[in-house]
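Step one of this worksheet: look at the structure below.
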Amino acid sequence: MLVVIEYHTRRIRVLGATAHPNAAWVTQTARNLVMDLEDAGCRAGFLIRDRDGKFPDLFDAVLADASIQVVLTGVRMPRMNAVMERWVQTCRRELLDRTLIWNQRHLLHVLREFETFYNAHRPHQGIANARPLKPLPPTITEPDQIAHLNIRRRRRLDGILNKYEHAA
């Protein structure tokens with residue numbers, strides 16, 4: 001699978017998944033990423049990637065045409081891309097280790113659900129428990145508010161992911 005993450009907000013974008021990644025597939029996903037960023041009105045200045053041989057020169061050229069500078073990670077330096085490495089661990093631990101994936105279509109469905117959950121609901125401690133796509137909720141100051149929270153659980157992916165929210 002190919003996933004990118006916005007460093008400052010921790011928002012992820014699942015670009016695709018395939019059983020046999022090759023240079024042509026990676027280049028096409030780069031084109032799709034550039035089009036998605038243009039459609040969303042986002043601007044990226046840098047893309048940090050590893051030195052995998054599946055990234056051809058054309059991959060870098062597509063991003064360079066969109067004014068995105070490609071930065072290669074150092075050899076044996078996982079901390080250079082620590083934010084993405086952390087997401088990979090989170091995805092494995094919270095999703096893939098608990099899910100039996102049937103085929104590529106099922107994998108993409110599960111990844112899209114996790115993308116929505118990760119971006120819209122899951123709090124991120126590194127950014128003050130904020131969610132990438134939602135502002136921080138107002139702080140609770142009254143003791144009565146704590147006693148009457150009335151929180152409901154909504155299950156996603158048959159209970160692998162749980163979304164908690166205040167009942168209206």
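The model shown is predicted, which means the values in this text are computed figures rather than measured ones. Throughout, numbering of the chain's residues begins at 1 and tracks the sequence.
The CG atom of Asn162 sits 7.0 Å away from the CZ atom of Arg155 when rounded to the nearest 0.5 Å. Here CD of Glu94 is found 11.0 Å from CD1 of Ile160. Values are rounded to the nearest 0.5 Å. Interatomic distance, CD of Glu115 versus CG of Leu111, reported as 8.5 Å (0.5 Å rounding). For the atom pair CG of Leu33 and CD of Gln28, the computed distance is 11.5 Å after rounding to the nearest 0.5 Å. Rounding to the nearest 0.5 Å places OG1 of Thr29 at 14.0 Å from CZ of Arg13. To the nearest 0.5 angstrom, Arg11 atom CZ is 12.5 Å from Tyr118 atom OH.
Note on Ile12: it does not cluster hydrophobically with Val4, by side-chain heavy-atom contacts below 4.5 Å among ILVMFWY residues. Connection of Val34 to Val3 is not established within any shared hydrophobic cluster, with ILVMFWY side chains joined at heavy-atom distances below 4.5 Å, either directly or through further cluster members. Under the 4.5 Å side-chain heavy-atom criterion for ILVMFWY residues, no single connected hydrophobic cluster contains both Leu2 and Val110. Residues Val88 and Val14 share a hydrophobic cluster, clusters being chains of Ile/Leu/Val/Met/Phe/Trp/Tyr side chains in contact below 4.5 Å. When the side chains of ILVMFWY residues are joined at heavy-atom separations under 4.5 Å, either directly or via intervening members, Ile68 and Val83 end up in two distinct hydrophobic clusters.
The two atoms that bring Trp25 and Gly16 nearest to each other are CZ2-C, 3.6 Å, heavy atoms only. Among all heavy-atom pairs drawn from Pro56 and Val26, the shortest one is CD-CG1, 4.5 Å. Nearest approach of Leu72 to Met80, heavy atoms of both residues: O-CE, 3.4 Å. Here the shortest heavy-atom pairing between Arg93 and Arg98 reads O-NE, 3.5 Å.
Each of Leu63, Asn81, Asp60 was evaluated against Arg49; a single residue qualifies, Asp60, per the side-chain contact (heavy atoms from CB on, under 4.5 Å) test.
Taking the side chain as every heavy atom from C-beta outward, Glu6 and Thr9 approach each other to under 4.5 Å. Counting heavy atoms from C-beta on, the side chains of Cys91 and Leu96 come closer than 4.5 Å. Contact of the His106 side chain with the Thr99 side chain is registered, since non-hydrogen atoms from C-beta on lie closer than 4.5 Å. The shortest side-chain heavy-atom distance between Lys54 and Thr27 does not fall under the 4.5 Å cut-off.
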Does the pair His109 and Leu157 meet the rule for a side-chain contact (heavy atoms from CB on, under 4.5 Å), with working shown? CA-CA 10 Å; His109 169 71; Leu157 291 175; 4.2 Å; yes
Only pairs under 3.5 Å count here: list side-chain donor-acceptor contacts from residues 40-47, not counting sequence neighbours, and write none if there are none.
none

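Within 6.0 Å of CZ on Arg79 lie no more than 12 heavy atoms contributed by other residues, nucleotides or ligands. Heavy-atom neighbours of Asp158 CG from other residues, nucleotides or ligands within 6.0 Å: at or below the threshold of 12. No more than 12 heavy-atom neighbours from other residues, nucleotides or ligands sit within 6.0 angstrom of CZ on Arg92. Other residues, nucleotides and ligands contribute more than 12 heavy atoms inside 6.0 Å of the CG atom of Asp39.
Gln104 contributes a side-chain N or O that, together with a main-chain N or O of Ala17, makes up a donor-acceptor pair within less than 3.5 Å.
Note: Phe114 and Trp87 have tilted aromatic rings, judged against thresholds of 30 and 60 degrees for the angle between ring planes.
No cation-pi contact links Arg51 to Phe55, judged by a cut-off of 6.0 Å to the six-membered ring centre and 45° from its axis.
Listed by chain and number, the residues in a side chain to side chain donor-acceptor pair (under 3.5 Å) with Arg156 are Glu113 (sequence neighbours excluded).
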